[in-house]
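First the structure, in the form of structure tokens, and then the observations on it.
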Amino acid sequence: MSGQLRIVETGWSTTIQDRGRTGYAHLGVPTAGAVDATAQAVVNRLVGNDERAATLETAGGLLVQAIGPLVAATSGDGVRHTLQPGDRLRVDPPSDGVWAYLALRGGLGVEPVLGSRSHDTLSNVGPPAVHAGDEFDVGPDPQTGLATDLAPVRPTSRIVRLWPGPRVEWFDRGLDALTGRSWTVGSEVSRVGVRLSAAKFGRTRSAPEMMASEGLVTGAIQITPSGEPIVMLANHPTTGGYPVIAVVEPDDLPIVAQSRPGTTIRFRPA
């Protein structure tokens, strides 16, 4: 092992996440994985890891301490850190974001469950929840070079591209119902999804009064009976009972995931 890490303060919504658990949705097992896969990939690259290496994801307030020498990077500051035994590092999201990531060179040395080291917050599949006092081994050194010291500047655009969803024809204006106005991120933000401000969505005659649950993908936008769009994030359930009007372009999903409550976003066709 190249070093060890101790959790001093857990912070908020801190979990272990990698790229997610694929191939089990038909059994009702969510994908999980990093909410902002782009930010996670960046910190892994900063320490020379494969992008699939397990990291710590947090909504802030995470404080860790090195037990042995460590090379780490956080998405909050976009900087690589060299830690000596006893050194502490705090992990918070950037001022305009919700989620932050801590990568250690070698990755967190936890055992995979169903092919992934991600903690599933819906079913508790995967590594256990993170608690203060927990200590983690670090995986083998990847034997790679360290190409850069700083992460690239994060884009500030709040424009999100959309693809038509399977039930777009159930809505009178189709995608225009989403792209014709601005939306405000509500206070209900989690790894499961982001709820937006409500609007009136007219239904076509073909839309049924009730619908059976259908499969969901990450980025799907469901419309609730009260007119609130909900954007599904990494830990979304595998099925849902609201119609899916659109699906967010995967490259733009981090824009939604990292939008704080009260943030205004706009949609446009992909």
Side-chain angles (χ1 to χ4, degrees), residues 10-41 43-44 51-62 75 91 93 97-103 107-108 110-131 160 165 185-196 213-224 228-242 244 246-261 263 265:
T10 309
W12 303 282
S13 301
T14 299
T15 56
I16 299 170
Q17 300 295 335
D18 58 13
R19 303 299 277 185
R21 187 170 287 107
T22 58
Y24 297 96
H26 65 294
L27 300 176
V29 180
T31 303
V35 170
D36 184 347
T38 300
Q40 188 204 39
V43 293
N44 266 325
E51 293 183 358
R52 295 168 293 182
T55 63
L56 285 166
E57 176 186 88
T58 183
L62 172 63
S75 61
V91 186
V98 178
W99 302 98
Y101 296 87
L102 171 66
L108 286 175
V110 295
E111 289 298 319
V113 178
L114 297 179
S116 171
R117 293 175 171 85
S118 290
H119 175 78
D120 177 358
T121 54
L122 287 181
S123 65
N124 286 325
V125 172
V130 177
H131 299 97
V160 178
V185 176
S187 59
E188 296 184 36
V189 177
S190 72
R191 284 182 43 77
V192 174
V194 172
R195 189 181 296 261
L196 305 178
S213 289
E214 297 181 322
L216 290 175
V217 297
T218 303
I221 302 180
Q222 294 181 296
I223 304 300
T224 69
E228 293 173 311
I230 304 177
V231 184
M232 297 289 99
L233 299 183
N235 228 141
H236 65 83
T238 56
T239 61
Y242 301 140
V244 174
V247 179
V248 173
E249 161 63 38
D251 288 345
D252 292 352
L253 193 59
I255 298 174
V256 182
Q258 293 284 18
S259 293
R260 288 177 174 267
T263 300
I265 63 176

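The first residue in the sequence is number 1, and the count goes up from there. Note: hydrogens, waters and symmetry copies are ignored here, and every other heavy atom, side chains too, is used.
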Checking the side chain of [X] only, and the main-chain atoms of [Y] only, is there a donor and an acceptor separated by less than 3.5 Å?
X: Arg191; Y: Ala32; result: no
X: Gln258; Y: Ala39; result: no
X: His119; Y: Ile16; result: no
X: Arg21; Y: Ser116; result: yes
X: Ser118; Y: Asp18; result: yes
X: Arg117; Y: Val110; result: yes

- Query: When you look at Asp120 and Asn235, which way does the side-chain contact (heavy atoms from CB on, under 4.5 Å) test go after all the steps?
  - Reply: CA-CA 7 Å; Asp120 177 358; Asn235 228 141; 2.7 Å; yes

Evaluate the side-chain proximity of [Y] to [X]: yes if any heavy-atom separation is below 4.5 Å, no if none is.
X: Leu253; Y: Val231; answer: yes
X: Val244; Y: Gln222; answer: yes
X: Thr218; Y: His236; answer: yes
X: Pro93; Y: Val98; answer: no

From [X] [atom1] over to [Y] [atom2], what is the distance, rounded to the nearest 0.5 angstrom?
X: Ile230; Y: Ile221; atom1: CD1; atom2: CD1; answer: 11.0 Å
X: Asp36; Y: Gln17; atom1: CG; atom2: CD; answer: 12.0 Å
X: Glu57; Y: Leu102; atom1: CD; atom2: CG; answer: 12.0 Å
X: Thr15; Y: Asn124; atom1: OG1; atom2: CG; answer: 11.0 Å
X: Ile255; Y: Ile265; atom1: CD1; atom2: CD1; answer: 8.5 Å
X: His131; Y: Thr14; atom1: NE2; atom2: OG1; answer: 11.0 Å

Heavy-atom pair with the smallest gap, counting every atom of [X] and [Y]:
X: Ala103; Y: Asn44; value: CB-OD1, 3.7 Å
X: Pro127; Y: Glu111; value: CG-O, 4.4 Å
X: Thr58; Y: Trp12; value: OG1-O, 3.3 Å
X: Val130; Y: Thr10; value: O-CG2, 3.4 Å
X: Pro237; Y: Val192; value: CD-CG1, 3.9 Å
X: Val43; Y: Ser75; value: CG1-N, 3.3 Å

- Task: Dump the intermediate steps for side-chain contact (heavy atoms from CB on, under 4.5 Å) on Tyr101 and Val35, then the final yes or no.
- Result: CA-CA 10 Å; Tyr101 296 87; Val35 170; 3.9 Å; yes

- Message: Determine whether Trp99 and Ser13 satisfy the following criterion, side-chain contact (heavy atoms from CB on, under 4.5 Å), listing intermediate values before the conclusion.
- Response: CA-CA 9 Å; Trp99 302 98; Ser13 301; 3.9 Å; yes

